[in-house]
Amino acid sequence: QVQLVESGGGLVQAGGSLRLTCAATGSIFRINAMGWYRQAPGNQRELVAAITSGGSTNYADSVKGRFTVSRDNAKNTVYLQMNSLKPEDTAVYYCNADAITSISLRRMDSWGQGTQVTVSS
């Protein structure tokens, strides 16, 4: 089993910054890629940023230049530094991991429970 726990969300004014953290725990052999998704009420869940074990990153066009995803492979942790936040960034942010379990070596697509980010103007 792979568990993902997000933290770092909160209420911030437009132009402010937040850093989200996602820690993966459990029976983990390897995590290939980790990413952040977000979903606002009435909207479809969308990919915000992702990073592979090799450090390759991908960002949604709407956050390029403002958000930075990073990863600590030794700690199975991924971060999302969010700067210059806008009200349209308001959403629940979910951590995702493409993981291989150590017990069964099964590939698991794991999700955290989400952390709320609210940007006021």
- Task: Say whether Val119 and Leu18 are linked into one hydrophobic cluster, either directly or through other cluster members, by side-chain heavy-atom distances under 4.5 angstrom.
- Result: yes
- Item | Gln113 side chain vs Val5 backbone, donor-acceptor pair below 3.5 Å | no
- Task: Decide if atom CD1 of Ile103 counts as having more than 12 heavy atoms of other residues, nucleotides or ligands within a radius under 6.0 Å.
- Result: no
- Query: Knowing that exactly one of Leu80, Val63, Thr115 qualifies, which makes a side-chain contact (heavy atoms from CB on, under 4.5 Å) with Arg38?
  - Reply: Val63
- Task: Test side chain to side chain contact (heavy atoms under 4.5 Å, CB included) on Asn96 and Tyr94 and set out the steps.
- Result: CA-CA 6 Å; Asn96 172 260; Tyr94 297 92; over 6 Å; no
- Query: Hey, does Ile28 have a side-chain heavy atom less than 4.5 Å from the side chain of Ser102?
  - Reply: no
- Query: Going by distance alone, is a donor N or O of one side chain under 3.5 Å from an acceptor N or O of the other, for Thr101 and Ser27?
  - Reply: no
- Item | Distance-minimising heavy-atom pair for Asp89 and Ser84 | OD2-O, 4.4 Å
- Message: Distance alone, cut at 3.5 Å: any donor-acceptor contact between the side chains of Asn32 and Arg30?
- Response: no
- Query: So, Thr90 and Glu88: side-chain donor and acceptor under 3.5 Å apart, yes or no?
  - Reply: no
- Note on the structure: Ile51 and Arg71 have their tightest heavy-atom pair at O-NH1, 3.3 Å
- Is any side-chain heavy atom of Ile31 closer than 4.5 Å to a side-chain heavy atom of Asp98? no
- Task: Identify the two heavy atoms, one from Ala91 and one from Ala40, that lie closest to each other, and give their separation to 0.1 Å.
- Result: CB-N, 3.9 Å
- State, yes or no, whether a side-chain contact exists between Val69 and Val78 at a heavy-atom distance under 4.5 Å. yes
- Message: Count I, L, V, M, F, W, Y as connected when their side-chain heavy atoms are under 4.5 Å apart, and connections chain through other members. Are Tyr59 and Met82 then in the same cluster?
- Response: yes
- Task: Measure up the Tyr93 and Phe67 rings against each other and bin them: parallel (under 30°), tilted (30 to 60°), perpendicular (over 60°).
- Result: tilted
- Check step by step if side chain to side chain contact (heavy atoms under 4.5 Å, CB included) holds for Gln1 and Met108. CA-CA 8 Å; Gln1 186 179 30; Met108 300 287 292; over 6 Å; no
- Side chains of Thr25 and Asn76: does their closest heavy-atom pair fall under 4.5 Å? no
- Going by atom types only, do Ser17 and Asn83 share a side-chain donor-acceptor pair under 3.5 Å? yes
- Ion pair present between Asp61 and Lys64, side-chain N to carboxylate O less than 4.0 angstrom? yes
- Query: For Glu46, does the CD atom have more than 12 heavy-atom neighbours from other residues, nucleotides or ligands under 6.0 Å away?
  - Reply: yes
- Message: Between Arg19 and Gln81 (side chain of the first, backbone of the second, donor and acceptor by atom type, cut-off under 3.5 Å), is there such a pair?
- Response: no
- Message: Keeping Gln13 on the side-chain end and Ser120 on the backbone end, is there a donor-acceptor pair under 3.5 Å?
- Response: no
- Task: Carefully, step by step, assess Asn58 and Leu47 under the rule side chain to side chain contact (heavy atoms under 4.5 Å, CB included).
- Result: CA-CA 9 Å; Asn58 186 48; Leu47 175 68; 3.8 Å; yes
- Quick one: is the NZ or CZ of Arg45 closer than 6.0 Å to the six-membered ring centre of Trp36, and within 45° of its axis? no
- Run the side chain to side chain contact (heavy atoms under 4.5 Å, CB included) check on Met34 and Cys22 step by step: do they pass? CA-CA 9 Å; Met34 302 185 76; Cys22 173; 4.2 Å; yes
- Message: Using every non-hydrogen atom in the two residues, find where Ser110 and Leu4 come nearest and quote the distance to one decimal.
- Response: O-CD1, 3.3 Å
